[in-house]
> 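The structure follows.
Keep in mind the model is a prediction, meaning the values are calculated, not measured. Chain letters run A, B, ... following the sequence lines, proteins first, then strands; residues in each count from 1.
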Amino acid sequence: MPELPEVEVSRMGITPHVLNQVVTKVNIHNGSMRWPVPDDVYQLTGLTVTGVERRAKYLLLHCALGSTILHLGMSGNLRVVSANEPLKKHDHIEFIFANGKALRLNDPRRFGCCLWQAPGSVHKLLAKLGPEPLTDEFFAKQVYQQSRNKKVPVKQFIMNNAIVVGVGNIYANESLFKAGIDPRREAGKVSLKSFEALIPIIKDTLAAAITQGGTTLKDFAQSDGKPGYFAQQLLVYGRKGQPCLVCKSELQEVRLGQRSTVFCGKCQK
DNA sequence: CGGTCTACCTGAAAGC
DNA sequence: TGCTTTCAGGTAGACC
């Protein structure tokens, strides 16, 4: 499940192969993604990719006539392969470049998307996003102020894209454990001090995963052309019923907002 | 408006 | 063994 670090590592991985390259062909093998893939995407044909950007978990391929927006959803990945390589099952969208390479979006569950953004405009999906977690725009005092009087559990609060982007279920679980905060606690009742602990932990956790992914990336176009998921050292996620690595008590699981939430009842208050 | 719930989708895992 | 059911999860949009 690509979280922000995987998307960032994908960005780093594809950039050397697509930046300043001319797109010779766009193939939409299955345009039935989360939203129908618009024909606008064909406008890339014949144009040069002038930038590869990440915003939240979206990737943008910029060119003179607009930007292609890609999202990997739950199960998506990008590969750079030789254009004559046979398609794999679930290779839905393909950009072929003058250098003989193909960028392919593979997504079994099709929760991802491929959309188009006109130049000078911001797509509706990107317009209401909160700050990037790794920038100074995301800081404890602001989060604290936004959380006042909010009854939603703090875990759901930090997973809200309007507060901060790119914190998915795994990182929310892990960060709250490291910060010693009970994920069920009302956001409005979390102290400034707790947010001052949590926010740097979120940043460090994401940054460490990106570093780790970048380190193991080597060359995106070699081997199978996609980054492996980084074997994260997960402290709580997926460890329901197992002992807390700090205090040995049994980790509990509850569902918050239909999402699996694992925590230590003793370490997290 | 705030909060909650649902839909979208396939494959792996669990249940029978 | 093989069929059926459940679960996983990002996020917009419907709903109350």
> Considering only residues two or more places apart or on different chains, which pairs with a residue in residues 247-260 of chain A satisfy salt bridge (charged side-chain N to carboxylate O under 4.0 Å, His left out)?
K240(A)-E253(A)

> Please list, chain by chain and in numerical order, all residues satisfying side chain to side chain donor-acceptor pair (under 3.5 Å) with E174(A), sequence neighbours excluded.
none

> Nucleotides 8-10 of chain B: which of its N/O atoms have a protein N/O under 3.5 Å away?
| from | atom 1 | to | atom 2 | distance (Å) |
| --- | --- | --- | --- | --- |
| dC9(B) | O4' | R109(A) | O | 3.3 |
| dC9(B) | O3' | R110(A) | NH2 | 3.1 |
| dT10(B) | OP1 | R110(A) | NH2 | 2.6 |
| dT10(B) | O2 | R109(A) | NE | 3.0 |

> Tell me, do Q21(A) and L19(A) make a side-chain contact under 4.5 Å, heavy atoms counted?
no

> Who are the side chain to side chain donor-acceptor pair (under 3.5 Å) partners of K25(A), not counting sequence neighbours?
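Here the qualifying residues are N27(A).
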
> Which whole-number value in Å describes the distance from Q258(A) CD to dT6(B) P?
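These atoms are roughly 7 Å apart.
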
> Going by the rule salt bridge (Lys or Arg N to Asp or Glu O under 4.0 Å), which residues pair with R110(A) if we only count those two or more places apart in sequence or in a different chain?
none

> Between K240(A) (NZ) and dA14(B) (C1'), how many Å, whole number?
13 Å

> Closer than 4.0 Å, any side-chain N/O of Y58(A) to the OP1 or OP2 of dA12(C)?
yes

> Let me know the distance between NE2 of H71(A) and C1' of dG10(C), rounded to the nearest Å.
6 Å

> Roughly how many Å is it from CG in L256(A) to C1' in dC5(B), rounded to a whole number?
14 Å

> Using a 4.5 Å cut-off on heavy atoms from C-beta on, say whether the side chain of P119(A) contacts that of L65(A).
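Answer no - side chains too far apart.
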
> Under the rule for salt bridge (Lys or Arg N to Asp or Glu O under 4.0 Å), what residues qualify as partners of K57(A), not counting sequence neighbours?
E3(A)

> Between the protein and nucleotides 13-16 of chain C, which nitrogen or oxygen pairs are less than 3.5 angstrom apart?
| from | atom 1 | to | atom 2 | distance (Å) |
| --- | --- | --- | --- | --- |
| dG13(C) | OP1 | K124(A) | NZ | 3.4 |

> For K151(A), check side-chain contact (heavy atoms from CB on, under 4.5 Å) against everything at least two apart and list the hits.
E186(A)

> Check whether K150(A) reaches the backbone of Q146(A) with its side chain - one donor and one acceptor, N or O, closer than 3.5 Å.
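Yes, K150(A) side chain to Q146(A) backbone: donor-acceptor pair under 3.5 Å.
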
> Restricting to side chain to side chain donor-acceptor pair (under 3.5 Å), what partner residues turn up for S67(A), sequence neighbours left out?
H62(A)

> Rounded to the nearest Å, what distance is computed from the NE2 atom of residue H123(A) to the P atom of nucleotide dT11(C)?
14 Å

> Check the angle between the aromatic planes of H71(A) and Y58(A) and answer parallel, tilted or perpendicular using the 30° and 60° thresholds.
perpendicular

> Output the residues of residues 148-164 of chain A in contact with DNA chain B, where contact means a heavy atom of the residue under 4.0 Å from an atom of the strand; sort by number or write none.
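When residues 148-164 of chain A is checked for heavy atoms under 4.0 Å from DNA chain B, the hits, listed by number, are K150(A), K151(A).
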
> Under the side-chain contact (heavy atoms from CB on, under 4.5 Å) test, which residues partner F111(A), sequence neighbours left out?
M74(A), R109(A)

> Angle, rounded to 10°, between the helical axes spanning five pairs at each terminus of the helix from dG2(B)-dC16(C) to dC16(B)-dG2(C)?
60°

> In this structure, which one of D182(A), V236(A), L251(A), N173(A) forms a side chain to side chain contact (heavy atoms under 4.5 Å, CB included) with F263(A)?
D182(A)

